[in-house]
Amino acid sequence: GQPHYVRIDGARFDDKGKKVRNRLIAELAKIQAEYKCQYANRHTFQLPDGKYYCEAHHILRFSDENGPDITNNLIVLGPEAHMLIHHAVTDAVTDAYMTLRLNNVITYDRFEEMVKVYHCLDDKQINLLYNKKIITAQEKDNLLACFQQHMA
């Protein structure tokens, strides 16, 4: 169904007040990733329409971490990698994010842009990225400094 209302910041909600994902943003992330799993760096299986199956994953979770619904906060994964990130033991999830960092899929620049350009990361979310071991202590400090600058 159609979202019931749209907030001034662009967040969309259904008639029960639940946040609604923007499917266009997810599709854009998939196009940018060429429909490849960015963790495995390969296509999964082909769909009847010719595209390869993949799923968009919010680095900062959309619902409980209030992760922004923008391509900077999305990575594209095959179903196995996506389930790993959601359900595996903490060490395996940390390793997956480390692999994504080492392969330059997840970069510091995307988070800096989220602070400086899109103004959609707050100090709590920056600390969450650090606690998930997605960014280093130095990167956390830099992002927090950027956040403070943009709040001033």
Side-chain angles (χ1 to χ4, degrees), residues 3 7 9-14 18-47 49 51-151:
R7 265 195 343 221
D9 64 2
R12 298 158 16 129
F13 296 83
D14 66 15
K18 186 178 181 217
K19 229 164 101 172
V20 178
R21 289 167 172 79
N22 186 328
R23 301 223 179 271
L24 224 51
I25 299 294
E27 189 63 23
L28 183 57
K30 292 174 186 182
I31 291 166
Q32 290 172 336
E34 299 174 353
Y35 295 90
K36 282 184 183 173
C37 172
Q38 294 180 298
Y39 174 72
N41 194 28
R42 64 177 175 81
H43 289 118
T44 59
F45 54 90
Q46 199 166 21
L47 298 166
D49 66 5
K51 293 178 187 166
Y52 288 89
Y53 182 81
C54 55
E55 301 167 353
H57 170 75
H58 289 84
I59 299 166
L60 284 165
R61 291 189 304 265
F62 184 71
S63 51
D64 60 328
E65 295 175 344
N66 202 27
D69 203 18
I70 63 172
T71 57
N72 286 48
N73 190 40
L74 291 174
I75 52 176
V76 175
L77 302 170
E80 185 175 354
H82 199 186
M83 288 299 102
L84 180 151
I85 284 197
H86 277 287
H87 302 292
V89 296
T90 305
D91 287 349
V93 176
T94 300
D95 288 350
Y97 278 123
M98 189 164 298
T99 297
L100 289 159
R101 282 295 309 254
L102 290 170
N103 293 337
N104 289 316
V105 172
I106 296 177
T107 62
Y108 168 80
D109 293 347
R110 74 165 55 203
F111 302 120
E112 186 178 67
E113 195 173 51
M114 287 165 74
V115 173
K116 287 183 173 180
V117 179
Y118 301 115
H119 310 287
C120 64
L121 270 194
D122 62 26
D123 52 345
K124 288 182 200 75
Q125 292 166 319
I126 292 165
N127 281 300
L128 270 171
L129 290 168
Y130 173 71
N131 293 338
K132 291 179 167 194
K133 299 182 176 147
I134 294 171
I135 58 173
T136 66
Q138 182 63 60
E139 290 169 336
K140 175 189 78 155
D141 292 344
N142 292 347
L143 288 172
L144 288 170
C146 289
F147 173 71
Q148 291 304 325
Q149 267 184 332
H150 284 83
M151 290 299 294

*Give the C-alpha distance, both sets of side-chain angles, the deciding distance and a yes or no for side-chain contact (heavy atoms from CB on, under 4.5 Å) between N142 and E112.*
CA-CA 9 Å; N142 292 347; E112 186 178 67; 5.9 Å; no
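Here the side chain of E113 pairs no donor or acceptor atom with the backbone of R110 at under 3.5 angstrom. Judged by distance alone, with hydrogens and angles left aside, the side-chain atoms of K30 form a donor-acceptor pair with the main-chain N or O of C54 at under 3.5 Å. Listed for the H87 side chain is no donor-acceptor partner under 3.5 Å among the backbone atoms of M83. Checked by atom type and distance alone, the side chain of H43 pairs as donor or acceptor with a backbone atom of E34 at under 3.5 Å. Looking at Q38, its side chain never comes within 3.5 Å of a backbone N or O of A33 through a donor-acceptor pair. Formation of a donor-acceptor pair under 3.5 Å by the N73 side chain with backbone atoms of D69 is not found in this model.
Residues R21 and F62 are in side-chain contact: their nearest non-hydrogen atoms beyond the backbone lie under 4.5 Å apart. For the pair L74 and L28, the minimum side-chain heavy-atom distance is 4.5 Å or more. M98 places none of its side-chain heavy atoms less than 4.5 Å from the side chain of K133. Inter-residue side-chain proximity for I25 and T71 is flagged as met; some heavy-atom pair is nearer than 4.5 Å. When side chains are defined from C-beta on, L100 counts as touching I85, because their heavy atoms get closer than 4.5 Å. Within the 4.5 Å cutoff, no side-chain heavy atoms of N103 are placed close to those of N41. Looking at L129 and L121, their side chains come closer than 4.5 Å, going by heavy atoms from C-beta outward. Counting heavy atoms from C-beta on, the side chains of Y39 and T99 come closer than 4.5 Å.
Under a cut-off of 6.0 angstrom, the local environment of CG in L102 is crowded, with over 12 non-hydrogen atoms contributed by other residues, nucleotides or ligands. At most 12 non-hydrogen atoms from other residues, nucleotides or ligands lie less than 6.0 angstrom from CD of E80. Within 6.0 Å of atom OH in Y130, 12 or fewer heavy atoms from other residues, nucleotides or ligands are found, so the atom counts as exposed in its surroundings.
Summarising the geometry, atom CD1 belonging to I59 is positioned 7.0 Å from atom NE2 belonging to H57; distances are rounded to the nearest 0.5 Å. Interatomic distance, I106 CD1 to N72 CG, rounded to the nearest 0.5 Å: 11.5 Å. Interatomic distance, E55 CD to H86 NE2, rounded to the nearest 0.5 Å: 8.5 Å. The distance from atom CG of L143 to atom CG of D122, rounded to the nearest 0.5 Å, is 11.5 Å.
Of the listed residues (K124, H58, K132), just one forms a side chain to side chain donor-acceptor pair (under 3.5 Å) with E65, and that residue is K132.
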